[in-house]
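One structure coming up, written as structure tokens, with questions to follow.
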Amino acid sequence: MNRASLIFAALLAVLLPLSLLAGRMWIDPFASYGPANAALILAELRLPRAVLAVVIGAGLGASGAAMQGYLRNPLADPGLFGIAPMAALGAVASFWLGVSWALPVAALAGAGLGMAALALIAGRTASDAQGGAGGGIALFTLAGLMLASLAGALTALAITLAPNPFALSEIVMWLNGALTDRSWREVMIAAPLMGAGIAVLALAARSLDALTLGEEAARSLGVEPGRLLLLLVIGVGLTVGAGVAVAGIIGFVGLVVPHLVRPLTDRLPSSLLLPSALAGACLVLAADSLVRILPLVSELRLGISLSLIGAPFFGWLLVRMRRGRL
Amino acid sequence: MRLAAENLALERGGVPVVAGLSAALEPGTITAIVGPNGAGKSSLLLGLAGLLAPAAGQVTLEGGDLADMPPRARAQAIGYLPQTPDIAWDVAAENLVALGRLPWRDRGTEEIEAALAALDLAALRQRPVSRLSGGERARVLLARVLAGTPRWILADEPLAALDLAHQLGLIAHLKACAGAGQGVVVVLHDLAHAMNHADRVLVLDRGALVADGAPETALAPEVIARVWGVSARWLGEPGARALQTGA
């Protein structure tokens with residue numbers, strides 16, 4: 001465990017209990033008489049929601065760190081593989097078909113479809129690298145973007161052709177990710193997949209370090225491009241797919257978090273994975289607590305609030321890069 | 001441990017770049033690969049490193065087909081130094097050098113220290129690569145290869161972008177490696193460096209091996225005239241030759 005991991009683990013240990021107490025109805029841990037249903041609120045509403053925030057944030061943070069390592073680019077984001085839009089498309093299809101109770105399964109099926117498509121392309125890319133055809137990682141990323149725009153277009157089509165206004169509003173609301181009214185059921189779905197995804201990404205960590213030296217040098221160090229790409233597709237697919245399945249699309253965490261963490265580490269991708277997972281958990285947990293206590297008529301959607309934080313941060317990042325400080 | 005190309009043909013994206021090339025390289029020596037732009041030098045080096053699969057023929061290491069070797073075992077035996085220093089993250093010099101131990105999956109503290117010492121990098125070990133000069137960065141990248149203690153060092157134009165003093169310094173390091181029994185293969189642009197420092201020179205032209213032997217014969221003026229289309233002659237004593245062109 002490096003220094004950055006310790007810092008964010010400590011932060012998480014502070015944030016988690018605070019998040020349980022925060023909400024429309026504050027719970028005072030020292031009061032002898034709390035609200036009558038305080039225990040119920042904690043156990044059935046706030047705890048699953050907080051755990052889900054931690055799980056999703058950890059997955060997004062870790063997959064963001066892995067993607068930036070893989071693409072050798074600080075502006076990479078797990079969304080670049082097009083898995084989140086594919087999962088969203090699956091979820092939207094379930095609204096469209098009127099089987100929204102099966103949403104997580106449909107979203108996971110969408111993510112799985114996206115992963116299968118990417119794995120097929122990955123096989124080609126890897127053999128091309130060995131055959132010296134070039135393109136490699138950049139070409140693969142373009143394939144992911146293609147998948148993302150295809151899924152995005154189909155989602156837009158589903159919205160415009162929504163069977164009834166209720167389905168339409170459900171789809172639009174859901175696409176702006178949120179953790180409102182989530183229960184232990186969602187935790188049970190997301191947590192194992194997220195854990196498996198992060199474990200797969202951890203297997204890729206040292207190969208990502210080798211990529212610091214470029215694709216050919218990495219292969220000369222024994223990295224197998226096909227295997228690495230497959231680990232990435234599975235790891236990012238599981239984490240992002242599971243996140244979308246239970247919370248909708250939550251952007252920018254995967255992009256922003258590795259940047260916050262990188263200066264605290266030796267900057268190698270392997271040192272970034274664990275602290276990024278912890279920092280991602282902190283960020284989503286804090287943002288979700290914040291949208292809960294903001295005095296607005298209806299709760300601000302988590303996906304929107306994170307994008308509101310994320311977009312200006314992205315701009316600041318670009319300015320910093322222009323000054324050559326990254 | 002011998003590294004040999006046997007009737008090797010290489011393609012890049014379906015385009016033939018090297019054809020019918022055979023050469024057995026000996027460890028403990030420096031072999032230079034030279035040729036005009038586009039002759040297939042870098043592709044040949046990639047092929048010898050096992051990083052470009054042969055379209056025909058094979059590359060063997062100690063008699064065994066390189067294509068059949070597990071990537072990790074191959075990485076332990078052959079170190080490859082790419083041409084462009086392409087470093088994605090601003091890591092400290094010593095962490096970059098430590099990446100050379102990846103094929104061994106160990107900490108390799110001794111080997112890393114030895115590599116840092118061999119290239120005189122002890123004072124720079126903590127410095128991020130963005131704050132290294134071009135010459136220092138080239139030393140760090142070579143140290144990364146040395147840290148893996150490969151039996152073969154394959155370097156693609158390691159002297160490009162270095163000033164004269166650093167060129168000579170790097171050549172001295174490569175000579176020391178060859179002296180210690182490692183095989184060294186370098187792609188060189190500067191024919192004078194090949195003439196003065198290599199034990200053997202392979203001259204490539206349009207993917208074919210057109211001359212192979214000791215520098216004095218492989219880089220004879222007739223070869224230079226035929227391959228580069230430049231009339232030239234060598235001045236000076238063996239080991240300190242200079243090329244006079246337009247003679």
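Proteins come first, then strands; the chains are lettered A, B, ... in the order of their sequence lines, and each starts at number 1.
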Give, for atom CG of B:D90 and atom CG of A:L268, the distance between the pair rounded to the nearest 0.5 Å.
->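 Reported value, rounded in 0.5 Å steps: 11.0 Å.
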What are the residues of residues 170-182 of chain B, in order of number, with any heavy atom under 4.5 angstrom from a heavy atom of chain A?
-> none
What's the shortest heavy-atom distance between A:T212 and B:W89, and which atoms?
->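 Heavy atoms only, the tightest pair is OG1-CD1, 3.5 Å.
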Using a heavy-atom distance cut-off of less than 4.5 Å, which residues of residues 134-146 of chain B contact chain A?
-> B:L141, B:R144
Identify the two heavy atoms, one from B:I87 and one from A:R72, that lie closest to each other, and give their separation to 0.1 Å.
-> C-NH2, 4.1 Å
So does B:E26 have more than 12 non-hydrogen atoms from other groups sitting under 6.0 Å from CD?
-> yes
Interface residues of residues 95-105 of chain B facing chain A - heavy atom cut-off under 4.5 Å =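 Within residues 95-105 of chain B, the residues that come under 4.5 Å of chain A (heavy atoms only) are B:N95, B:L96, B:L99, B:G100, B:L102, B:P103.
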Could you grab the distance from atom CZ of B:R74 to atom CG of A:L221, nearest 0.5 Å is fine?
-> 9.5 Å
Which residues share a side chain to side chain contact (heavy atoms under 4.5 Å, CB included) with A:L147, sequence neighbours left out | A:M86, A:A117, A:L118
Nearest heavy-atom contact between B:P71 and A:E224 is CG-CG, 3.6 Å
Does a sphere of radius 6.0 Å around CZ in B:R206 hold more than 12 heavy atoms from other residues, nucleotides or ligands, not counting ones at 6.0 Å or beyond?
-> no
Looking only at non-hydrogen atoms, find the nearest pair between B:A75 and A:G222 and report the distance.
->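 Scanning both residues, the minimum pair turns out to be CB-N, 3.5 Å.
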Interface moiety of B:I78 toward chain A, non-hydrogen atoms closer than 4.5 Å = backbone
Proximity breakdown for B:L46 and chain A, heavy-atom pairs closer than 4.5 Å | side chain
Of the backbone (N, CA, C, O) and the side chain (C-beta and beyond), which part of A:E216 lies under 4.5 Å from a heavy atom of chain B, both, or neither?
->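 When you check distances to chain B, atoms from both the backbone and side chain of A:E216 fall under 4.5 Å.
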A:R219 side chain to B:L51 main-chain N or O, any donor-acceptor pair under 3.5 Å?
-> yes
